[in-house]
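Input: a single structure, listed below in structure tokens.
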Amino acid sequence: MTHLAGKLALDIQAGAPNNGRGQDNVGMVKKMQVGRDTYPYISPQAVRRWLRDSLPAAEPVSPVIREGKGKKQQAYTKGRPDLFVDDDLFGYMVAISGSDSSCQRDTVLATGTFVSITPQRIASDYGTMTRGFAAGDNPVIHEHEFYTAVCAGDINLDLPRVGTFETDGQGIRIALPPQAAEEAVASGATEATFRGVSALVLDIAERRRRTALVLRTLAALRGGAKPAAHYGDRTPAFLLLAPMKGGVNPFTRVLANKDGKPVFAADTLTEEIAAWHDELDGPVRIGWAPGFLGDQRDRARRDLADLITANTVVIDHPRTILNNLAKEIEDGTHDTWFEDAKA
């Protein structure tokens, strides 16, 4: 049972990637207070939306169904993880009263909140709209917030659950209702016992493909609010992925705040690798974009030289790390990662 666990950081430059609730005519970014300090953040649902929107155009995504009116309306996807990779990886809840089609799937790709590593002062941009107005007309006034920050969050991809769907169980809602399960079996899914419950499993080639797809899509991540005014790169500036035999992610503190600046903590990484070496199922892969955090990438290579020589740590460009790992998974190099000891 292997999880790809680690850290992802986005380098936001004068951006407003995720807006909160506006106040009067002011567009507000999402932010939180910790004591007297302000930390802008990007919600996990926003990053997951960007990831879904960044999937290749040829990859079908689950249609959204909307029902009801006013406060009683609800929206849900098709709930068919056997057919749609986004339902498989991101999960869903289909709750239809009086129907045997209700089903639920917890996320396979877990994402934390992407919070600025250091506290920030949020900037405010004031503007007016007067184009086409007659002389003497009052302008339309607008204002919005933006900021510069390194926003980082934890990620965890539960590989044995990719392409595996529960069909019964106690205390959980099934991932595939009976009719959908029958259709999945007719299309080639096989029956299995997974973590103590009955399940259907897609063939290994499709499970490899879906995992490689999400890794390559992460390398080409795009999205964010206000692209007309604050367009910016949303691909990972920093990425750490480690194959862990369980769901633990010990690498959440490898990026830290030191004297008001984000820093890579090589000593923290070294100690965590030593403490968890028996749970690692391969090298810790670090994707680090050139220029991100100044000369810290070169310093990290020096500090981690022994681990790099031992192939315990690999450092390269984020896109190279993700694409290489995707190819290894497609080639079947890591098929044991899809196996589950609790099956």
- Message: Is there a side-chain contact between I42 and I12 in this structure, where contact means two heavy atoms from C-beta onward sitting under 4.5 Å apart?
- Response: yes
- Task: For the pair K327 and D331, find out whether any cationic side-chain nitrogen is under 4.0 Å from an anionic carboxylate oxygen.
- Result: yes
- Would you give the length of the straight line joining atom CH2 of W50 to atom CZ of R222, rounded to the nearest 0.5 angstrom? 12.5 Å
- Among all residues two or more places apart in sequence or in another chain, which pass the side-chain hydrogen bond (donor to acceptor under 3.5 Å, both in side chains) test with T2? D281
- Got more than 12 heavy atoms from elsewhere within 6.0 Å of CD, Q13? yes
- Message: Which heavy atom of A5 sits nearest to which heavy atom of N156, and what is that distance?
- Response: CB-ND2, 3.9 Å
- Given side chains that start at C-beta, do those of V263 and L293 come closer than 4.5 Å, heavy atoms only? no
- Task: Go through the side-chain N and O atoms of S43 and N18 and say whether any donor and acceptor fall under 3.5 Å apart.
- Result: yes
- Query: If you look only at pairs with a residue in residues 35-51, which of them pass as a salt bridge (Lys or Arg N to Asp or Glu O under 4.0 Å), with sequence neighbours excluded?
  - Reply: R49-D53
- Query: For the hydrophobic clusters of this structure (ILVMFWY residues joined by side-chain heavy atoms under 4.5 Å, transitively), does one cluster hold both L213 and V47?
  - Reply: yes
- Would you indicate whether the side-chain heavy atoms of T167 and E191 approach each other to under 4.5 Å? no
- Could you check D335 against R208 for side chain to side chain contact (heavy atoms under 4.5 Å, CB included), going step by step and ending with a plain yes or no? CA-CA 8 Å; D335 279 357; R208 292 177 193 148; 2.7 Å; yes
- Task: State the CG-OG1 distance between L89 and T107, to the nearest 0.5 angstrom.
- Result: 7.5 Å
- Note on the structure: Rounded to the nearest 0.5 angstrom, the CD1-CG distance for I315 and L307 is 9.5 Å
- Task: Would you indicate whether the side-chain heavy atoms of Q296 and K261 approach each other to under 4.5 Å?
- Result: no
- Is it the case that more than 12 heavy atoms not belonging to K78 sit under 6.0 Å from its NZ atom? no
- Message: Under a plain distance cut-off of 3.5 Å, with no hydrogens placed, do D233 and T235 share a side-chain donor-acceptor pair?
- Response: yes
- Walk me through it: do V94 and I65 pass the test side chain to side chain contact (heavy atoms under 4.5 Å, CB included)? CA-CA 10 Å; V94 179; I65 300 164; over 6 Å; no
- Item | Neighbour count >12 (heavy atoms, 6.0 Å) for atom CD, Q33 | yes
- Task: From the options V162, V214, D87, select the one residue that forms a side chain to side chain contact (heavy atoms under 4.5 Å, CB included) with V108.
- Result: V162
- Does CD in E271 sit with more than 12 non-hydrogen atoms of other residues, nucleotides or ligands closer than 6.0 Å? no
- Note on the structure: Separation between CZ (F338) and CG (L159), nearest 0.5 Å, reads 5.5 Å
- Task: Using a 4.5 Å cut-off on heavy atoms from C-beta on, say whether the side chain of M244 contacts that of F251.
- Result: yes
- Message: I'd like to check V284 versus L240 (side-chain heavy atoms, cut-off strictly below 4.5 Å). Are they in contact?
- Response: yes
- E206/R209 ion pair, N-O < 4.0 Å: yes
- Message: Looking at Y231, I want to see if its OH is surrounded by more than 12 non-hydrogen atoms of other residues, nucleotides or ligands under 6.0 Å.
- Response: no
- Are any non-hydrogen side-chain atoms of V61 and T77 less than 4.5 angstrom apart? no
- Message: Any salt bridge linking E166 with R195? Criterion: basic side-chain nitrogen under 4.0 Å from a carboxylate oxygen.
- Response: no
- Any chance CG of D137 has more than 12 other-residue heavy atoms, nucleotides or ligands included, within less than 6.0 Å? yes
- Salt-bridge test for D88 and R105: reply yes if a basic N is under 4.0 Å from a carboxylate O, no otherwise. yes
- More than 12 foreign heavy atoms under 6.0 Å from CD of Q23: is that the case here? no
- Query: Looking at F114 and G153, what are the two nearest heavy atoms and their distance?
  - Reply: CD2-N, 3.4 Å
- Message: Quick one, W337 and P243 - any side-chain contact, counting heavy atoms below 4.5 Å?
- Response: yes
